[in-house]
Novice: 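Take this structure, written in structure tokens, and hold onto it; I'll ask about it next.
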Amino acid sequence: MSLVIEQYEQKCFLTQEFCLDDINLICHSLKQQGFTTTDGKPDIAAYTRLTTLFFSWLLSSKNELTESEFITFLDSYQEWSAIIQLGGFESSDHLLGIFSETQINLQKLLASYLPHSKAQITLPPFFSVAPDILLSFFLTQLSAKTFLSEEADNFRKTLLSMELPKLDYDISPAILNKIGNAWMFCSYADIDNKHQVKQQLNCLIQGWLEKTLPTRKNKALIKKNITSKKSVLIVAEFMLANHALFRSYACWIQELKASFDVILLVDENMVDDPAASIFNRVHRLKMPVNYAKTVKIIQEISPDLIFYPSIGMCPWTITLSNMRLANIQAMGLGHPATSMNDKIDYLIVAEGTVNELTQCSEKIIVIPRQQMSFPEAIPDCQIKPIKNNSIFKIAIASSSMKITRKFLLTLKDIQLSCKKRVEFHFFTGEEGITLQKLSVEVQGILNNVFCYPIADYERYMTNLSQCELLLETFPFGGTNSNIDALLLGMPIVCLNGNEPHSLIDKVIIEAAGLPSWLASNSQEDYINAAVKVIDNVKIRKNLQHILSKNKIRDYLSVPGTEIPDNGFATAIEWLINNHETIKLNKKNYWIENDRVKV
């Protein structure tokens, strides 16, 4: 790797040919494998050399960094930021004064600003000067995976509270994708008003759609369905037999087929034959999505209802959901957060994953608690006997986006409160420079930290099985990580909230038959519950005895077996038959008994 750096140094300092393409290539190459020392730590010297190249390029008067170049550069911004953070400089704050005082180039000023910067920058005044540049920068910042320093955490909260100036933005396909990423990533923030920014992002998308597809005007609502059965279109971001989305919704879809013509609309690369077999028909979309053609496909189907199992994980479904393509449009909780979208009428959820305090833009339709569906036999995991070791290993099995500063500070309190030496083992699905950056940031707050690179399921479960307790992230909890831990006989501690993504953990704990005190209602209770499990071997043995009965398997099912009635098909039929009446009703939270009265 050092030879590669030398080649770039020659281009920068000898031939002056170092350019933006080189920066993008460097950043891209580090996504999968970062620079490491012989002991496996980030190579500070290598990253300092790269940072010097970046700063030299940025300061050169030869490199103007035009508007289009800057928007391209933002695709590598997260890696650029990580390289600087891992090097000896740690930040580029010293450049901010240079570009601010000389006003050479707004793009260079923004490129020098990193989320963990100790300097402050106020973005709104710049929007009138260069709206498209500022919008791209704003979206890129919101799409960062982690904000773990105090400065970065505060910066994110500022961004989420910011009102975008109402300007005529030139939204390209690249910016549209950035909107989609920011739309999803805001859900992971630790701030009460985090979903409000989605309203602004939805407006940007709808404005782009009006310009791009000006003649659509709800044609999908004119054509009548010619089949004998009513039709339901499932617009899915993923429909693969080994994917979490299939686990969660296969039972619902199979139940639906008995009464409806069920059609799937999906990315051609995100569906396989076992998953496709549970639908009556499948429409496979080529990426990037041609929205005009996709709208035409939906018009020809003319569904009575469109159901999105998730909205947020792929930009194309976020864009599509901002159109009125059926009289009734509903969503599930594959990405467990509200859409803040006036084109989505209903949120259909299993009992326990929302409550009457849940704030959603959609009307909430509650059905009986669902099962999760496994494509094959449920993994038969060996439960290891409890040992009273001097070192206690805690698992954090969550994507990096779910890890917040507040969560890490809570882990620090747990570490300080325990009698045992505590280790934290992070399974975040990251690799390369992103994993290195995460490791350094976490180690800046916690002691005894181990961060594992992405691995196949078998290796992941082997590593996970070395731990004795799973601490779920908050405010955004987990689903599949909980199932994995419970199958290994490992208890869970979680923190409840009022949003779907902070309620599902409690549902799974109840399904496993574990005591309710593991699902805490306050930060203090969370700490106390964790310490109680860590320091008391009798409690751990009792919890493992409960899990050894494999009650969690009753929560799971295998497609092909008899599918229980989850009430999904009944709820869909009720919505189709009563939609106009429900719209006029001010009630936003509907349980099964409420639906009987209509």
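Position 1 is the first residue of the sequence; numbering continues from there. Computed from a prediction, not measured in an experiment: that's the story for all the values here.
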Novice: For the pair W80 and F73, name the ring-plane relationship: parallel under 30°, tilted 30 to 60°, perpendicular over 60°.
Specialist: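 Ring orientation, 0 to 90° scale: perpendicular.
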Novice: Would you call the rings of F407 and Y526 parallel, tilted or perpendicular if under 30° counts as parallel and over 60° as perpendicular?
Specialist: perpendicular
Novice: Output the distance between atom CG (L486) and atom CD1 (I383), rounded to the nearest 0.5 Å.
Specialist: 9.5 Å
Novice: So with a 6.0 Å cut-off around NZ of K198, is the heavy-atom count from everything else above 12?
Specialist: yes
Novice: Please assess E441 against Q85 for the test side chain to side chain donor-acceptor pair (under 3.5 Å), listing each intermediate value before the final yes or no.
Specialist: CA-CA 10 Å; E441 290 180 323; Q85 191 171 347; 3.0 Å; yes
Novice: Atom CD1 of residue position I44 - does it have more than 12 heavy atoms of other residues, nucleotides or ligands inside 6.0 Å?
Specialist: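 Counting neighbours around CD1 of I44, 12 or fewer heavy atoms of other residues, nucleotides or ligands fall under 6.0 Å, so no.
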Novice: Quick one: sort the H243 and F238 rings into parallel, tilted or perpendicular, breaks at 30° and 60°.
Specialist: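 Judged by the thresholds at 30° and 60°, the geometry between H243 and F238 is parallel.
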Novice: Quick one: closest heavy-atom pair of S310 and L245, and the distance?
Specialist: OG-CD2, 3.7 Å
Novice: Strictly by modelled atom types, are Q359 and T338 linked by a side-chain donor-acceptor pair under 3.5 Å?
Specialist: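 On atom types as modelled, these side chains do not qualify, holding no pair under 3.5 Å.
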Novice: Tell me, with the steps shown, if Y460 and D484 meet side chain to side chain donor-acceptor pair (under 3.5 Å).
Specialist: CA-CA 10 Å; Y460 153 71; D484 295 334; 3.3 Å; yes
Novice: Any chance you could measure C12, atom SG, to D22, atom CG, to the nearest 0.5 Å?
Specialist: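 Rounded to the nearest 0.5 Å, the SG-CG separation comes to 9.5 Å.
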Novice: Could you tell me if N448 and K393 have a donor-acceptor pair between their side chains, going purely by distance under 3.5 Å?
Specialist: no
Novice: Can a side-chain donor-acceptor contact be found between Q141 and Y77 if the only test is distance below 3.5 angstrom?
Specialist: yes
Novice: Give a yes or no answer on whether the side chain of N482 reaches the backbone of D505 with a donor-acceptor pair at less than 3.5 Å.
Specialist: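 A pair under 3.5 Å: no.
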Novice: Could you tell me whether a side-chain N or O of T48 sits under 3.5 Å from a main-chain N or O of G88, the two making a donor and an acceptor?
Specialist: yes
Novice: For K384 versus S465, what's the shortest heavy-atom pair and its separation?
Specialist: NZ-OG, 3.6 Å
Novice: Taking Q436 for the side chain and F35 for the main chain, is one N or O donor matched with an acceptor at less than 3.5 Å?
Specialist: yes
Novice: Is it true that a side-chain atom of N528 and a backbone atom of E524 form a donor plus acceptor pair closer than 3.5 Å?
Specialist: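 Yes: the side chain of N528 pairs with the backbone of E524.
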Novice: Counting only heavy atoms not in H94, do more than 12 sit closer than 6.0 Å to its NE2 atom?
Specialist: yes
Novice: Would you say Q466's side chain and T462's backbone share a donor-acceptor pair under 3.5 angstrom?
Specialist: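 Looks like yes, one N/O pair under 3.5 Å.
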Novice: CD1 of I492 to CG of L547: how many Å apart, nearest 0.5 Å?
Specialist: 8.0 Å
Novice: Please name the pair of heavy atoms, one in A244 and one in N480, separated by the smallest distance, quoted to 0.1 Å.
Specialist: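 Where A244 meets N480 most closely, the heavy atoms are CB-ND2, 2.9 Å.
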Novice: Within this structure, what is the NZ-CG distance for the pair K437 and L148, rounded to the nearest 0.5 Å?
Specialist: 6.5 Å
Novice: Determine whether more than 12 heavy atoms belonging to other residues, nucleotides or ligands lie under 6.0 Å from atom CD of Q32.
Specialist: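 Open.
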Novice: Provide the closest heavy-atom pair for E468 versus K387 in the form atom of the first, atom of the second, distance.
Specialist: OE1-O, 3.6 Å
Novice: F476 vs H501 aromatic rings, parallel, tilted or perpendicular, using cut-offs 30° and 60°?
Specialist: parallel
Novice: Would you confirm whether Q544, through its side chain, and P385, through its main-chain N or O, come within 3.5 Å as a donor-acceptor pair?
Specialist: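 Not confirmed, Q544 side chain does not pair with P385 backbone.
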Novice: When you measure from the side chain of D93 to the backbone N and O of K118, does any donor-acceptor pair fall under 3.5 Å?
Specialist: yes
Novice: What heavy-atom pair brings I508 and G478 nearest, and what distance separates the two atoms?
Specialist: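 Closest approach of I508 to G478: CD1-O, 4.3 Å.
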Novice: Between K178 (side chain) and T140 (backbone), is there a donor-acceptor pair under 3.5 Å?
Specialist: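 Not a single qualifying donor-acceptor pair exists.
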Novice: Hey, is the main chain of E150 close enough, under 3.5 Å, to the side chain of N154 for a donor-acceptor pair?
Specialist: yes
Novice: Do you know the tightest heavy-atom contact between C314 and E237?
Specialist: N-OE2, 2.8 Å
Novice: For the CG atom on D192, are there more than 12 heavy atoms of other groups (residues, nucleotides or ligands in this structure) within a distance under 6.0 Å?
Specialist: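 Open: at most 12 neighbouring heavy atoms sit under 6.0 Å from CG of D192.
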Novice: Main chain of E90, side chain of H116: is a donor-acceptor contact present, judged purely on distance under 3.5 Å?
Specialist: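 Looks like yes, one N/O pair under 3.5 Å.
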Novice: When rounded to the nearest 0.5 angstrom, what is the spacing between CH2 in W316 and CG in D267?
Specialist: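 If I round to the nearest 0.5 Å, the distance is 7.0 Å.
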Novice: N388 vs K420, test: side chain to side chain donor-acceptor pair (under 3.5 Å). Steps then yes/no.
Specialist: CA-CA 10 Å; N388 194 19; K420 287 180 174 287; 2.9 Å; yes
